[in-house]
Amino acid sequence: MSKVGFFRSIHFKLTLIYVLLIIVAMQIIGVYFVKQLEQSLINSYDNSLNQRIYSLSYYLEQDSSKSKAELKEDAQKILNDFNNKDESNEISEVSYIDESREVIASVNNGNQEIAGKKITDQIISRIFAVGKDYEKKFYDPESNKRVRISATAVKNENQETVGVIYVVSSMESVFNQMRTINTILATGTLIALGTTALLGIFIFRTITHPISDMRKQAIELAKGNFSRKVRKYGHDEIGQLATTFNHLTRELEEAQLMTEGERKKLSSVIAYMTDGVIATNQNGAIILLNSPALELLNVSRETALEMPITSLLGLEDTHTFEDLVENQDSMLLEIEREDQLSVLRVNFSVIQKEHGKIDGLIAVIYDVTEQEKIDAERREFVANVSHELRTPLTTMRSYLEALAEGAIGDKELAPRFLSVTQNETERMIRLVNDLLQLSKFDSKDYQFNREWTNFIRFISLVIDRFEMTKEQHVEFIRNLPQREVYVEIDQDKITQVLDNIISNALKYSPEGGHITFTVDLDEEKGLVLFSVKDEGIGIPKKDMDKIFERFYRVDKARTRKLGGTGLGLAIAKEMVQAHGGDIWADSIEGKGTTVTFTLPYNEEQEDDWDEA
Ligand code: ATP
Ligand code: MG
């Protein structure tokens, strides 16, 4: 805000009004006073002169009975006397005129003759006729003076006009007095004006100072400085205004602090959210993003800010900003991050002002990669289970139909058909058992019956069993150390693992092949390694990790013929891991496969259990 110049300030205006009012008042007083004074001065001038002329007329009247010569002499004496008594030198001419209109005596101080003799004559004739005095005041430009002319009748006892006293007098003294008084008045006015103007400046400061103080405060407020307070100068309206102003400042400060606090809360919520948040302005340019959003979208803040949201989300080919505002649906995005494809769900919501104008868009981003993967796995699992169940069921139905249609009477076919259905049923039971077991692992609803076991002896027994029952011509080679290694295992469960690995090796071993069983110790990690090596078809590299997934089989058609469902290794993995070990496979395609698993071991059996 600009500074108010002195000549535009209230202070100046108030002082100016005040001074003008005083000038007007002084003028009115001055004019009235001067007029009255002038009148009164002129009156007293007239009165004193008339008084003197009256006494003059008295003396002259006394002499009227005398002879003309005597009269002339006496009148001249009286006039001289009258003139001499005029101390202020006002009288410039005095004459006495008798009935015959003759000037009997005259004193003339000024060297000018009486102006307008003729008029005088007329005046004098009128006085003799009517008996009324004459008086005139005028400005005489020749002598540059104000002049009074008077003609006064001199009357005898019978009230008859016997003569006229004609007086010309100067009124300069009156007007000189007036001039002096005017000067005094003017100086007085000037002094009074100066003093009151100065006083006014100081007095009005008490009014304007709080106002300009509040003005400064308002400017500071606009800048966001709430620390300033207006001083309270009194209890009048301005004082109350100052109090209200200070109150307003406090309220504003509180409101400001509250909004600031809310803003901070909001920004820390946004910053520490695990979901990504993006906000745009009304044009769709990004104005805010939190770090999870940067991480999820794999961009830097510098590049993302100001960027249109559609191009940041890679939607510029399919969507406009208006589409996003209108639809406000959530959508799935695929973003490549660190060589991995992640799936993001984005929810949009529009920021609207009260009157419905769109102010921007907020996008919340979640990483749903994991969930999408789980969903996909679940869908696949259900599909797999239904498929695995449908195959044996359809086989059984066709065999049972054939039996119902008459094959039951055939002594040769009937037992064969029945045995097929029996096999399929067993296969289904096995499958359902496997699934049950896996679901128990998933829900952590299992219990191990662990006991300390001599691992080498335990394995030897399992291998012996396979050696006895195997139908193929496959040679078993045992690389087992001659020492005691103890593991704490649930024997049933580990037997199941061994069964699956060894039966897999047998399944894929060619006639006359070898299967090598090896036990190794990793003393550093305290692990015992058991591996089964065959010389079968091997596993392609790309499938190496997947064979431990549920229902995964490298060659579905062939393995199904061999009776596999693809659950064996998945179960084995769960079990080994539940024992604190791990399982993996190495293979060279066409040459053979080695499946290895580890278990934590102890050199000695725990003493208490030794004899038990
Ligand atoms: P199940 O064990 O449930 O009867 P399966 O043997 O087919 O069925 P897994 O034991 O889980 O299932 O094995 C998964 C897949 O891994 C097999 O289908 C097979 O393709 C491959 N596989 C496993 N062991 C070997 C091996 N020793 N040689 C070659 N391929 C193997
Ligand atoms: Mg198997």
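Each ligand, and each atom within it, is numbered from 1 in the order the structure gives. Any value given below was found using the heavy atoms of this structure, including those in side chains, with hydrogens, waters and symmetry copies removed.
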Numbered atoms of ligand 1 (with element) below 4.0 Å of [X], judged on heavy atoms:
X: Ile539; answer: 29 (C), 30 (N), 31 (C)
X: Ile547; answer: 14 (C), 16 (O)
X: Gly538; answer: 29 (C)
X: Leu569; answer: 9 (P), 10 (O), 11 (O), 13 (O), 23 (C)
X: Tyr552; answer: 14 (C), 15 (C)
X: Thr593; answer: 26 (C), 27 (N), 28 (N), 29 (C)
X: Arg553; answer: 7 (O), 18 (O)

For ligand 1, does Thr565 get within less than 4.0 Å through its side chain, its backbone, both, or neither, judged by non-hydrogen atoms?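 Both backbone and side chain of Thr565 come within 4.0 Å of ligand 1.
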Is Asp543 touching ligand 1 with its side chain, its backbone, both, or neither, if touching means heavy atoms under 4.0 Å apart?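 None of Asp543 does.
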Closer than 2.8 Å to the Mg ion (ligand 2) - protein N, O or S atoms, ordered by chain and residue number: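 Protein N/O/S atoms under 2.8 Å of the Mg ion (ligand 2): Asn500 OD1, Asn504 OD1.
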Decide yes or no for Asp520 and Thr518: does some side-chain heavy atom of the first lie under 4.5 Å from some side-chain heavy atom of the second?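 Yes, at least one pair of side-chain atoms sits under 4.5 Å.
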Contact with ligand 1 for Gly536, non-hydrogen, under 4.0 angstrom: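 Gly536: no contact with ligand 1 (<4.0 Å).
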Below 4.0 Å from ligand 1: does a non-hydrogen atom of Lys507 turn up there or not?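 Contact check Lys507 vs ligand 1: positive.
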Do Phe381 and Phe551 have ring centres separated by under 6.0 Å?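 For Phe381 and Phe551, the ring centres are under 6.0 Å apart.
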So, do Phe517 and Phe476 have ring centers that fall under 6.0 Å from each other?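 Yes, the ring of Phe517 comes within the 6.0 Å limit of the ring of Phe476, centre to centre.
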Salt-bridge contact [X]-[Y] (side-chain N to carboxylate O under 4.0 Å):
X: Arg478; Y: Glu467; result: yes
X: Arg553; Y: Glu388; result: yes
X: Arg457; Y: Asp464; result: no

Backbone or side chain, does any N or O of [X] fall under 3.5 Å from an N or O of ligand 1?
X: Val595; value: no
X: Gly568; value: yes
X: Ala570; value: no
X: Asn500; value: yes

Value rounded to 0.5 Å, distance of OG1 in Thr453 from CD1 in Ile494: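 With rounding to 0.5 Å, OG1 (Thr453) is 9.0 Å from CD1 (Ile494).
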With sequence neighbours excluded, what pairs up with Ile374 under the side-chain contact (heavy atoms from CB on, under 4.5 Å) test?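 For Ile374 the side-chain contact (heavy atoms from CB on, under 4.5 Å) partners, ignoring immediate neighbours, are Arg378.
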Is a side-chain donor-acceptor pair under 3.5 Å present for Asn347 with Tyr366?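 Judged by distance alone, the side chains do pair up.
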Under the salt bridge (Lys or Arg N to Asp or Glu O under 4.0 Å) rule, what pairs show up with a residue in residues 526-542, not counting sequence neighbours?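 Qualifying pairs: none.
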Would you name the heavy atoms of Tyr601 and Glu523 that are closest together and state the gap between them?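 For Tyr601 versus Glu523, the nearest heavy atoms are OH-CG, 3.4 Å.
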Side-chain donor/acceptor pairs under 3.5 Å, residues 571-580, sequence neighbours excluded:
unit_1: Glu574; atom_1: OE2; unit_2: Arg550; atom_2: NH2; d: 3.2
unit_1: His579; atom_1: ND1; unit_2: Met575; atom_2: O; d: 3.0
unit_1: His579; atom_1: NE2; unit_2: Asp490; atom_2: N; d: 3.1

Answer yes or no: does atom CZ of Arg397 have more than 12 heavy-atom neighbours from other residues, nucleotides or ligands under 6.0 Å?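 Atom CZ in Arg397 is not crowded, with 12 or fewer foreign heavy atoms closer than 6.0 Å.
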